[in-house]
Amino acid sequence: MDDKAAFLNRVRHLLVPGGTFWVVTEIAGRREDTDPLQGLGISPAETETLTSAWSAVQSTDLEVLRCYALHP
């Protein structure tokens, strides 16, 4: 996705009042160095882009995954 901030802004405006946008993504650096998929995952900078404009953010880690509940 080229413009992540614009996408997230659009999602915020489409959610009904009290709605939740769920995101599940890998966390960068959680895989073994020898894993060919080791480069996947959300970086700290991308996490900031994802979470900064929401009124409430909850997250839970599940091994290599992180689940976000984002509320406008």
Side-chain angles (χ1 to χ4, degrees):
M1 176 177 322
D2 292 331
D3 191 343
K4 293 176 179 131
F7 169 77
L8 293 167
N9 188 45
R10 181 74 176 142
V11 169
R12 265 191 309 281
H13 286 93
L14 291 173
L15 282 174
V16 297
T20 302
F21 178 48
W22 290 94
V23 177
V24 179
T25 184
E26 282 204 31
I27 305 166
R30 291 280 176 105
R31 291 181 177 261
E32 298 291 327
D33 290 339
T34 56
D35 190 323
L37 300 176
Q38 199 274 340
L40 292 178
I42 191 167
S43 69
E46 291 169 323
T47 298
E48 179 64 25
T49 298
L50 175 64
T51 61
S52 64
W54 299 86
S55 66
V57 176
Q58 297 167 304
S59 66
T60 300
D61 288 359
L62 304 169
E63 295 185 25
V64 299
L65 298 177
R66 181 168 288 153
C67 304
Y68 293 93
L70 307 170
H71 306 276

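Note that the structure is predicted; figures quoted are calculated from it, not measured. Residue indices begin at 1 and follow the sequence shown.
- Between Q58 and Y68 the shortest side-chain heavy-atom distance does not fall below 4.5 Å.
- Between F21 and L8, the closest side-chain pair of non-hydrogen atoms falls below 4.5 Å.
- A salt bridge (Lys or Arg N to Asp or Glu O under 4.0 Å) check over residues 60-72, counting only residues at least two apart or in different chains, returns the pairs R30-D61, D61-R66.
- V24 and V64 fall within the same hydrophobic cluster, where Ile, Leu, Val, Met, Phe, Trp and Tyr residues are linked whenever their side-chain heavy atoms come under 4.5 Å apart, directly or through other members.
- Criterion: ILVMFWY side-chain heavy atoms under 4.5 Å apart, direct or through other members. Under it, V57 and V23 are part of a common hydrophobic cluster.
- Pairs of residues two or more places apart, or lying in two chains, that qualify as side chain to side chain donor-acceptor pair (under 3.5 Å) and include a residue from residues 16-25 are T20-H71.
- In the hydrophobic clustering of ILVMFWY residues, with side-chain heavy atoms under 4.5 Å counting as a link, I27 and L50 come out apart.
- Considering only heavy atoms from C-beta on, L62 comes within 4.5 Å of C67 through its side chain.
- Listed here is the closest heavy atom pair of G19 and P72: O-CD, 3.4 Å.
- The closest side-chain donor-acceptor pair between E46 and T49, if any, does not fall under 3.5 angstrom.
- Listed by first and then second residue, the salt bridge (Lys or Arg N to Asp or Glu O under 4.0 Å) pairs that reach into residues 35-44 are R31-D35, sequence neighbours excluded.
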